[in-house]
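One structure is given here, and the rest of the page talks about it.
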Amino acid sequence: MESEDMFQTHTLALLPRISQCCPYVELEQSLPSELTAISPFADQLMVFIHKFREADGSEVDIEIALREALANAVVHGNHENPNRRVHVTCRCSTEGEVSITVSDEGRGFDNRAVPDPTAPGNVEFTHGRGLYLMQMLMDEVCFERSGAVVHMRKKSAKVNPASPRQL
């Protein structure tokens, strides 16, 4: 299956839109719940982010958090069921803020019940680091629908961007 066929893209706005604070562009896509779909999907979404956001050094943080959220949705949310999809909305503002929402079709989970992977007894666990990384790398991470939806936000590392990219 070609990557173009694998992803369903719904362009909500590739022209400037105005929110309460500033103009933004937004893209909505989905991918099948297959581990092999994660990397090409994340690569494609990072191209979108690079196109509409001035580089500030936080791109690697955004990409790692995105890949962790996608992996959690595919593996833990949808249990790698290829008939289920993971839905992603990405919004880039002209001020450099990136908001990413990842939702799966699973039942969710209690994020407070996930053990701290940095605790002495947990450092050798093979799971639980994804949530920790997302929370450490992004400015905000919150969950809805009992954990089946994760919202992540990263502000620009630049205090006053000299010239935001034109939309």
Side-chain angles (χ1 to χ4, degrees), residues 1-78 80 82 84-105 111 129-144 147-167:
M1 181 181 294
E2 294 293 321
S3 65
E4 294 84 27
D5 298 332
M6 193 179 307
F7 310 130
Q8 293 179 352
T9 302
H10 305 281
T11 304
L12 297 181
L14 286 181
L15 296 174
R17 294 181 66 178
I18 306 292
S19 70
Q20 292 177 334
C21 68
C22 58
Y24 64 89
V25 291
E26 187 172 85
L27 181 69
E28 186 176 287
Q29 294 182 302
S30 67
L31 67 150
S33 293
E34 299 171 357
L35 287 173
T36 57
I38 293 172
S39 189
F41 184 90
D43 292 345
Q44 183 183 61
L45 193 59
M46 290 308 297
V47 168
F48 172 79
I49 291 170
H50 286 290
K51 183 175 181 178
F52 293 106
R53 181 179 189 264
E54 188 172 342
D56 67 358
S58 66
E59 296 77 22
V60 172
D61 292 353
I62 295 167
E63 184 171 357
I64 291 170
L66 169 64
R67 288 177 183 275
E68 291 295 339
L70 293 173
N72 284 345
V74 167
V75 174
H76 302 295
N78 289 346
E80 297 183 62
R84 291 182 168 185
R85 296 196 70 83
V86 174
H87 303 274
V88 179
T89 302
C90 180
R91 178 183 289 188
C92 298
S93 78
T94 56
E95 292 182 349
E97 181 176 295
V98 175
S99 297
I100 301 171
T101 300
V102 176
S103 61
D104 61 56
E105 298 175 10
N111 66 303
R129 290 181 183 85
L131 293 177
Y132 175 79
L133 286 171
M134 290 164 32
Q135 292 168 336
M136 292 297 106
L137 297 173
M138 299 298 278
D139 294 322
E140 291 180 22
V141 176
C142 63
F143 299 91
E144 289 181 4
V149 177
V150 60
H151 300 282
M152 303 182 293
R153 187 165 71 96
K154 186 73 167 180
K155 299 175 189 171
S156 174
K158 295 185 177 188
V159 178
N160 291 316
S163 59
R165 291 194 178 190
Q166 296 298 312
L167 302 178

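Just so it is clear, the values below take in all heavy atoms, side chains as well, and ignore hydrogens, waters and symmetry mates. Since the model is a prediction, treat every value here as computed from it, not as a measurement.
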Task: Validation row: Leu70, Val88 side chains within 4.5 angstrom (heavy atoms) - done: yes
Open item on the list: I'd like to check the salt bridge (charged side-chain N to carboxylate O under 4.0 Å, His left out) partners of Glu59; sequence neighbours left out, ordered by chain and number.
Closed with: Arg53
Open item on the list: As an exercise, state the distance from CD1 of Ile49 to CD1 of Ile100, rounded to the nearest 0.5 Å.
Closed with: 4.5 Å
Open item on the list: Assess the residue pair Val47 and His50 against the criterion (side chain to side chain contact (heavy atoms under 4.5 Å, CB included)); give the C-alpha distance rounded to whole Å, side-chain angles, the decisive distance to 0.1 Å, and a yes or no.
Closed with: CA-CA 5 Å; Val47 168; His50 286 290; 5.8 Å; no
Open item on the list: Quick one, Val102 and His87 - any side-chain contact, counting heavy atoms below 4.5 Å?
Closed with: no
Task: For Glu105, salt bridge (charged side-chain N to carboxylate O under 4.0 Å, His left out) partners two or more places apart - done: none
Task: Interatomic spacing from CZ in Arg85 to CG in Asp104 - rounded to 0.5 Å - done: 13.5 Å
Task: Pairwise distance CD(Gln44) to OG(Ser39) - rounded to 0.5 angstrom - done: 11.5 Å
- [ ] Can you measure from CG (Asn72) to CG (Asn111) and round to the nearest 0.5 angstrom?
- [x] 11.0 Å
Open item on the list: So, using salt bridge (charged side-chain N to carboxylate O under 4.0 Å, His left out) as the criterion, who are the partners of Glu63 when residues are at least two apart?
Closed with: Arg67
- [ ] Could you grab the distance from atom CZ of Arg91 to atom CD of Glu28, nearest 0.5 Å is fine?
- [x] 11.0 Å
Open item on the list: Restricting to side chain to side chain donor-acceptor pair (under 3.5 Å), what partner residues turn up for Asn78, sequence neighbours left out?
Closed with: Ser33
TODO: Measure across Ala69 and Met152 and return the closest heavy-atom pair with its distance rounded to 0.1 Å.
DONE: CB-CE, 3.9 Å
Open item on the list: Using the side chain to side chain donor-acceptor pair (under 3.5 Å) criterion, which residues pair with His151? Sequence neighbours excluded.
Closed with: Thr101, Glu144
TODO: Go through Val74 and Glu34 one step at a time and tell me if the side chain to side chain contact (heavy atoms under 4.5 Å, CB included) criterion holds.
DONE: CA-CA 6 Å; Val74 167; Glu34 299 171 357; 5.7 Å; no
- [ ] Please report the closest heavy-atom contact between Leu45 and Gln29, naming both atoms and the distance.
- [x] CD1-OE1, 3.9 Å
Task: Atom of Ile62, atom of Met138 and distance for their closest heavy-atom approach - done: CA-SD, 4.1 Å
Task: Over all atoms of both residues, closest heavy-atom pair of Asp56 and Ala157 - done: OD2-N, 2.6 Å
Task: Heavy-atom closest pair, residues Pro32 and Pro82 - done: CB-O, 4.3 Å
Open item on the list: Taking Leu137's backbone N and O only, do any of them form a donor-acceptor pair with Lys154's side chain (distance below 3.5 Å, no angle check)?
Closed with: yes
Open item on the list: The criterion is side-chain contact (heavy atoms from CB on, under 4.5 Å); which residues satisfy it with Ala71, sequence neighbours excluded?
Closed with: Ile38
- [ ] Look up atom CD in Glu140 and atom OG in Ser99, then write down how far apart they are to the nearest 0.5 Å.
- [x] 8.0 Å
- [ ] Quick one: list whatever passes salt bridge (charged side-chain N to carboxylate O under 4.0 Å, His left out) with Asp139, sequence neighbours left out.
- [x] none
- [ ] Kindly write out the residues that satisfy side-chain contact (heavy atoms from CB on, under 4.5 Å) with Arg129, not counting sequence neighbours, or none if the list is empty.
- [x] Pro117
Open item on the list: Listing request: all salt bridge (Lys or Arg N to Asp or Glu O under 4.0 Å) pairs with a residue in residues 68-77, at least two apart in sequence or in separate chains.
Closed with: none
Open item on the list: Minimum heavy-atom separation for Tyr24 and Ser93, please, with both atom names.
Closed with: CB-CA, 3.8 Å
Task: Phe143: partners by ring pair (Phe, Tyr, Trp, His ring centres under 6.0 Å), with sequence neighbours left out - done: Phe109
TODO: Decide side chain to side chain contact (heavy atoms under 4.5 Å, CB included) for Phe52 and Leu27; before the verdict, give the C-alpha distance in whole Å, the side-chain angles of both, and the deciding distance to 0.1 Å.
DONE: CA-CA 11 Å; Phe52 293 106; Leu27 181 69; over 6 Å; no
